[in-house]
Amino acid sequence: MRVEIWSDIACPWCYIGKARFEKGLAAFAHRDEVEVVHRSFELDPGRAKGDTEQVVDMLARKYGRSPEEARGMEANVAANARAEGLGYRTEGRDHGNTFDIHRLLHLAKARGRQDELLSAAYRANFAEERSVFDDAVLADLAVEAGLDADEARAVLADPEAYADDVRTDEREAAELGANAVPFFVLDRRYGISGGQPSEVFVQALEQAWRDRDISALTPLGGEGAACDAGGSCDKDGSCDAAHAEASDQRI
């Protein structure tokens, strides 16, 4: 069975959702027969490369909040992350365009190191004092994930390298009706929106395993915190598209 996960490095609920999914997968009896593929989704595709700002400043500016209110939004997400055993810095993090990160993740996929690079990038962005919007940092992360340094730098230097792969992923997300991440698709049969509890993922994996003859995509899992393409977040730290309700509608 294949599980595809659309996500963005800039999305805290993708970071949290990955950890929760992995806990659910570890509890799934057929986990050794599950292939996990990470796919690209940009939260801020219109932002120019190199145009970065502090996350707290971005939240305050975008939603007309005070700096203290923006810090409260971050603190709420941090509490969810730490509950999953994840590190999370609420100050000093950058926000920017993630297209280059996604291109590098496609190189990692081609070399069988995609999950390693994704995990390293999440840690750097949310838990460490390292900006994933810096090419030198990305090259270092690639090496830490087991990629060749020269090959990683060559991809970062060529804006068209793996660009079509990123756009294909994003086009498929739109075709599947995904307008928020994380978005999980199980064998192109079931869709789960948001960073659901690990128990939800166990149930979804078990249901998808039982119903492998179903061909249409059906939403599962009810509400789950997610990030939409505008990166919209409410005062509780979850995002505007975070409360996409599942239904019985097939697409």
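Just so it is clear, the structure is predicted and the values come from calculations on it, not from any experiment.
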Original post:
Does a donor on one side chain sit under 3.5 Å from an acceptor on the other, for H38 and S7?
Top reply: no
Original post:
Would you say the side chains of D94 and T52 form a donor-acceptor pair under 3.5 Å?
Top reply: no
Does [X] use its side chain to pair, donor to acceptor, with the backbone of [Y] at less than 3.5 Å?
| X | Y | value |
| --- | --- | --- |
| R31 | A26 | yes |
| R212 | W209 | yes |
| R103 | A161 | yes |

Is [X] salt-bridged to [Y], cutoff N-O under 4.0 Å?
| X | Y | value |
| --- | --- | --- |
| R188 | E172 | yes |
| R89 | E74 | no |
| E144 | R130 | yes |
| R189 | D211 | no |
| E170 | R39 | no |

Kindly give the heavy-atom pair with the smallest separation between [X] and [Y], and that separation in Å.
| X | Y | answer |
| --- | --- | --- |
| D135 | L156 | O-CD1, 3.6 Å |
| C11 | L43 | CB-CD1, 3.5 Å |
| N125 | A10 | ND2-CA, 4.1 Å |
| V77 | P12 | CG1-CB, 3.5 Å |
| S119 | K18 | OG-NZ, 2.9 Å |
| A142 | A152 | CB-CB, 3.6 Å |

Calculate, to the nearest 0.5 Å, the distance between atoms [atom1] and [atom2] belonging to [X] and [Y] respectively.
| X | Y | atom1 | atom2 | result |
| --- | --- | --- | --- | --- |
| E116 | R111 | CD | CZ | 14.0 Å |
| E151 | L104 | CD | CG | 9.5 Å |
| R71 | T90 | CZ | OG1 | 8.5 Å |
| T168 | E175 | OG1 | CD | 9.5 Å |
| D158 | R153 | CG | CZ | 16.0 Å |
| L118 | D115 | CG | CG | 6.5 Å |

Original post:
Would a line drawn from the ring center of F41 to the ring center of F183 be shorter than 6.0 Å?
Top reply: no
**OP:** Measure from the ring center of F184 to the ring center of F201 and say whether it is less than 6.0 Å.
**Re:** yes
Original post:
Linking Ile, Leu, Val, Met, Phe, Trp and Tyr through side-chain heavy atoms less than 4.5 Å apart, which residues share a cluster with V37?
Top reply: none
Subject >> Pairwise ring-ring contact (aromatic ring centres under 6.0 Å, His included) hits with a residue in residues 132-179, at least two apart >> reply: none
Original post:
Got a sec, which pairs hit ring-ring contact (aromatic ring centres under 6.0 Å, His included) with one end in residues 70-100, sequence neighbours left out?
Top reply: Y88-F126
Subject >> Step-by-step side chain to side chain contact (heavy atoms under 4.5 Å, CB included) determination, I192 to F21 >> reply: CA-CA 11 Å; I192 303 175; F21 169 76; over 6 Å; no
Subject >> side-chain hydrogen bond (donor to acceptor under 3.5 Å, both in side chains), paired with H102, selected from D8, D165, N97 >> reply: D8
Original post:
Does a side-chain heavy-atom distance below 4.5 Å link E53 with R61?
Top reply: yes
Subject >> Side-chain heavy-atom pair R20, E84 within 4.5 angstrom cut-off >> reply: yes
